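Let me begin by presenting the structure, written as structure tokens, before commenting on it.
Values below: all heavy atoms of this structure, side chains included; hydrogens, waters and symmetry mates excluded. Bear in mind the structure is a predicted one, so any value in this text is a computation, not a measurement.
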Amino acid sequence: MGLYSVIKNDGPGNVLIWQCMQEDFNNNSQLIVAESEEALFMKDGIIVQIFPAGKYTLNTANYPFIGKLRKKIAGGTSPFSCKVYFINKAHALELYWGTDPAMQIDDPRFGIVSVGALGSYSIQVTDGKKFLNKLVGNNVAFFTSE
């Protein structure tokens, strides 16, 4: 890794949440967040900041040369752990649901009737921090609408 890195969402487009595969970013790394998403910056296991759309400089306390030495002393694990999760804020459209097969109901007037239901719905994440903490968890690399 160089003196700094550029962190942006290069994951698949059909996910609701995606963890950046890179971890333990150097100090002054650049975070780029698109308009249809937000980024959660996790440092030492805690979400310390939520970033809306824009370009940001991260303060991670990881310095390139000192960080390598610290990592070597710590047995290959960085003592200043940090991750970035990208939350897709766009509507996920046309998620289909339905009963399969149709239910058989005994109606006194019409006899045995087959009843089924189907439709579609859309979802949108409004609180990315709660979505990650309560539904997804932080050991998942991505989470799809399915």
Check: In Å and rounded to the nearest 0.5 Å, what is the NZ to CD distance from K129 to Q49?
Finding: 11.0 Å

Check: Is there side-chain contact between M103 and S114, with heavy atoms separated by less than 4.5 Å?
Finding: no

Item checked: Heavy-atom pair with the smallest gap, counting every atom of K8 and W18 -> O-CZ3, 4.1 Å

Notebook entry, point to check: Can you hop from L118 to V115 via hydrophobic side chains spaced under 4.5 Å?
Noted result: no

Next item on the list: Enter the distance from F51:CZ to F41:CZ here, rounded to the nearest 0.5 Å.
Entry: 6.5 Å

Item checked: NZ (K89) with more than 12 external heavy atoms under 6.0 Å -> yes

Item checked: Side-chain touch T57/Q30, heavy atoms, less than 4.5 angstrom -> yes

Checklist line | Passing option when V125 is tested against I87, L132, N88 for side chain to side chain contact (heavy atoms under 4.5 Å, CB included) | finding: I87

Margin query: Nearest 0.5 Å, please: how far is CD in Q124 from OG in S36?
Written below: 10.5 Å

Next item on the list: Enter the distance from F131:CZ to L40:CG here, rounded to the nearest 0.5 Å.
Entry: 10.5 Å

Notebook entry, point to check: Quick one: CG on L31 to CZ on F86, what's the gap to the nearest 0.5 Å?
Noted result: 5.0 Å

Next item on the list: Would you name the heavy atoms of I50 and P52 that are closest together and state the gap between them?
Entry: O-CD, 3.7 Å

Margin query: I'd like to know if the side chain of T99 reaches the main chain of A117, judged simply by a donor and an acceptor atom lying under 3.5 Å from each other, with no hydrogens or angles considered.
Written below: yes

Next item on the list: Check whether any side-chain N or O of E37 sits under 3.5 Å from a backbone N or O of E35 as a donor-acceptor pair, and report yes or no.
Entry: no

